[in-house]
Asks: 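Quick one: structure below, then a few questions.
Side chains are part of it too, since the values below use all heavy atoms of this structure and drop only hydrogens, waters and symmetry mates. What you see is a predicted model; the values in this text were computed from it and never measured.
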Amino acid sequence: MAQFSFSVDIDSIFPKGLNDENLALDMVKAGQEVMQKSIQRAALKHRKTGSMANSVKCSKPTINRNGDAVGRVKFYGKDKNGMQNWYKAIWIEYGTRHQRAQPFVRPAIKSCEGSIRAAMEKTFNQKAK
């Protein structure tokens, strides 16, 4: 699937004494929520039952072994026929030999990059006061 990432030198923006990993996790969560809504809206264009769009969920943000705050937005679960929702999303996004590609995840993420940054900045500004 599509990926969105950015890099920030945390030490250059955090005031001295503000070294709270919970702030980074809250910022990631805010960005995830924006991305989730954008992907859900895009998935609704390919709606038959709605299970794929409804399956877009955010994982709990965590700190990985490199010390980075990470969170994922993924397609969870199966539809009523037992097909994995992430399978359907891949088939639509990249196509098959019988169906042309209809990208919707990558454009949805690309279109909300500014909103993700804004949500993360808003969280930072609220928590860093």
Asks: Below 3.5 Å, can you tabulate the donor-acceptor pairs from side chains in residues 95-105 to any protein atom, sequence neighbours excluded?
Replies:
unit_1: Thr96; atom_1: OG1; unit_2: His98; atom_2: N; d: 3.1
unit_1: Thr96; atom_1: OG1; unit_2: Gln99; atom_2: N; d: 3.0

Asks: Side chains of Lys88 and Ser51: any donor to acceptor distance under 3.5 Å?
Replies: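 Looking only at side-chain atoms, Lys88 and Ser51 do form a donor-acceptor pair, the distance falling under 3.5 Å.
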Asks: Would you indicate whether the side-chain heavy atoms of Phe124 and Asp26 approach each other to under 4.5 Å?
Replies: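 Heavy-atom side-chain distance check fails, nothing below 4.5 Å.
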Asks: With Tyr76, which residues qualify under ring pair (Phe, Tyr, Trp, His ring centres under 6.0 Å), at least two apart?
Replies: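 Counting only residues at least two positions away or on another chain, Tyr76 forms no ring pair (Phe, Tyr, Trp, His ring centres under 6.0 Å).
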Asks: Would you compute the distance between atom CD of Gln84 and atom CD1 of Ile90 and round it to the nearest 0.5 angstrom?
Replies: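 The CD atom of Gln84 sits 10.5 Å away from the CD1 atom of Ile90.
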Asks: Applying a strict under-4.5 Å side-chain criterion to I, L, V, M, F, W and Y, I'd like to know whether Ile92 and Met83 cluster together.
Replies: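 Yes; Met83 is reachable from Ile92 via cluster members.
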Asks: Using the side-chain contact (heavy atoms from CB on, under 4.5 Å) rule, take Met52 and Phe75 through it: C-alpha gap first, then chi angles, then the decisive distance, then the call.
Replies: CA-CA 7 Å; Met52 186 178 67; Phe75 293 89; 3.7 Å; yes
Asks: How close do Met35 and Cys112 get, counting heavy atoms only, and between which atoms?
Replies: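 In this case the closest contact between Met35 and Cys112 is CA-SG, 4.1 Å.
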Asks: Counting distance only, does the side-chain N/O of Gln36 pair as donor-acceptor with the main-chain N or O of Val73 below 3.5 Å?
Replies: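 Absent.
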Asks: Quick one: NZ on Lys122 to OG on Ser115, what's the gap to the nearest 0.5 Å?
Replies: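 Nearest 0.5 Å value for the NZ-OG distance: 12.0 Å.
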Asks: Would you compute the distance between atom CG of Asn85 and atom NZ of Lys74 and round it to the nearest 0.5 angstrom?
Replies: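 The NZ atom of Lys74 is 12.5 Å from CG of Asn85, to the nearest 0.5 Å.
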Asks: Kindly work out whether a path of hydrophobic side-chain contacts (I/L/V/M/F/W/Y, heavy atoms less than 4.5 Å apart) joins Leu44 to Trp91.
Replies: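 No; tracing contacts between hydrophobic side chains, which count when under 4.5 Å, never links both residues.
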Asks: Take Thr123 and Lys29, measure what side chain to side chain donor-acceptor pair (under 3.5 Å) needs, and give me the verdict at the end.
Replies: CA-CA 9 Å; Thr123 300; Lys29 182 68 177 164; over 6 Å; no
Asks: Can you give the donor-acceptor pairs under 3.5 Å from side chains of residues 57-64 to other protein atoms, not counting sequence neighbours?
Replies:
unit_1: Lys57; atom_1: NZ; unit_2: Asn54; atom_2: O; d: 2.8
unit_1: Ser59; atom_1: OG; unit_2: Arg72; atom_2: N; d: 3.0
unit_1: Ser59; atom_1: OG; unit_2: Arg72; atom_2: O; d: 3.4
unit_1: Asn64; atom_1: OD1; unit_2: Asn66; atom_2: N; d: 3.0
unit_1: Asn64; atom_1: OD1; unit_2: Gly67; atom_2: N; d: 3.1
unit_1: Asn64; atom_1: OD1; unit_2: Asp68; atom_2: N; d: 2.9

Asks: Which distance, rounded to the nearest 0.5 Å, do you find between the CD1 of Ile116 and the CD of Glu33?
Replies: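 The CD1 atom of Ile116 sits 11.5 Å away from the CD atom of Glu33.
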Asks: Shortest non-hydrogen contact from Ser38 to Ala108?
Replies: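 For Ser38 versus Ala108, the nearest heavy atoms are OG-O, 2.8 Å.
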Asks: Please report the shortest heavy-atom distance between Glu93 and Pro107, naming the atom on each side.
Replies: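 Residues Glu93 and Pro107, closest heavy atoms: OE2-CD, 4.3 Å.
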Asks: Can you get from Leu23 to Val70 by hopping between Ile, Leu, Val, Met, Phe, Trp and Tyr side chains that sit under 4.5 Å apart?
Replies: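 Unlinked, Leu23 and Val70 end up in two clusters.
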